[in-house]
Amino acid sequence: MEIDIEKLIKEAIEARERAYCPYSNFAVGAALLVGSGEIYRGCNAENASYPAGICAERCAMFKAVSEGHRDFAAIAIVGGRKGEASDTYAYPCGICRQVMSEWAGKDFKIIVAKSCADYKVYSLEELLPESFKL
Ligand code: THU
């Protein structure tokens with residue numbers, strides 16, 4: 001499937017504006033492209049009971065699955081200090097990598113971006129080698 005990387009990053013940057021992160025002040029946005037061509041956005045949503053919060057990536061992935069999509073094509077991730085432009089590549093945490101592995105298509109791409117012009121592209125195998133599968 002053709003992936004418009006810049007469009008996906010733009011969606012992640014917009015998703016990041018919705019991040020609820022008063023405890024960490026680290027805002028993350030994600031945009032997940034599924035097989036139908038639709039894009040699901042996610043942001044991190046924290047909680048006063050810290051472990052109850054969720055990462056932007058899982059937010060996007062569970063939104064997609066709840067709408068019937070189990071064929072993930074690519075995800076773009078943008079993160080950094082709240083209220084500032086991103087100046088770091090925000091890599092997905094281990095739990096989010098594991099969740100990606102459940103529904104990642106064969107050529108699934110992980111894009112970590114500071115901006116539409118500054119990004120890196122990885123396969124899941126690169127970020128989660130020898131992953132656990134039943
Ligand atoms: N966070 C994400 O949204 N995605 C990741 O892959 C790593 C961390 C969020 C969780 C928390 O709200 C904040 O970043 C600081 O850990």
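Heavy atoms only: backbone and side chains are in, while hydrogens, waters and symmetry mates are out. Order of listing sets the numbers, starting from 1, for every ligand and every atom in it. Position 1 is the first residue of the sequence; numbering continues from there.
Taking a 6.0 Å sphere around NZ of Lys82, one finds it holds more than 12 heavy atoms contributed by other residues, nucleotides or ligands. When the shell of 6.0 Å around CZ of Arg97 is examined, it contains more than 12 heavy atoms from other residues, nucleotides or ligands.
By the criterion of side-chain heavy atoms lying less than 4.5 angstrom apart, applied directly or through intervening Ile, Leu, Val, Met, Phe, Trp or Tyr residues, Val34 is grouped together with Ile110 in one hydrophobic cluster.
From Arg41, atom CZ reaches atom NZ of Lys63 across 8.0 Å, with rounding to the nearest 0.5 Å.
Ion pairing of Lys10 with Glu6 is absent here, as no side-chain N (NZ or NE/NH1/NH2) approaches a carboxylate O to less than 4.0 Å.
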Atom pairs, nitrogen or oxygen, ligand 1 to protein, under 3.5 angstrom:
| from | atom 1 | to | atom 2 | distance (Å) |
| --- | --- | --- | --- | --- |
| ligand 1 | 3 (O) | Ala56 | N | 2.9 |
| ligand 1 | 4 (N) | Glu57 | OE1 | 2.8 |
| ligand 1 | 4 (N) | Glu57 | OE2 | 3.4 |
| ligand 1 | 6 (O) | Glu57 | OE1 | 3.4 |
| ligand 1 | 6 (O) | Glu57 | OE2 | 2.7 |
| ligand 1 | 6 (O) | Cys93 | N | 2.9 |
| ligand 1 | 12 (O) | Asn44 | ND2 | 2.9 |
| ligand 1 | 12 (O) | Glu46 | OE2 | 2.5 |

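Between Tyr119 and Tyr89, the ring center distance fails the sub-6.0 Å criterion.
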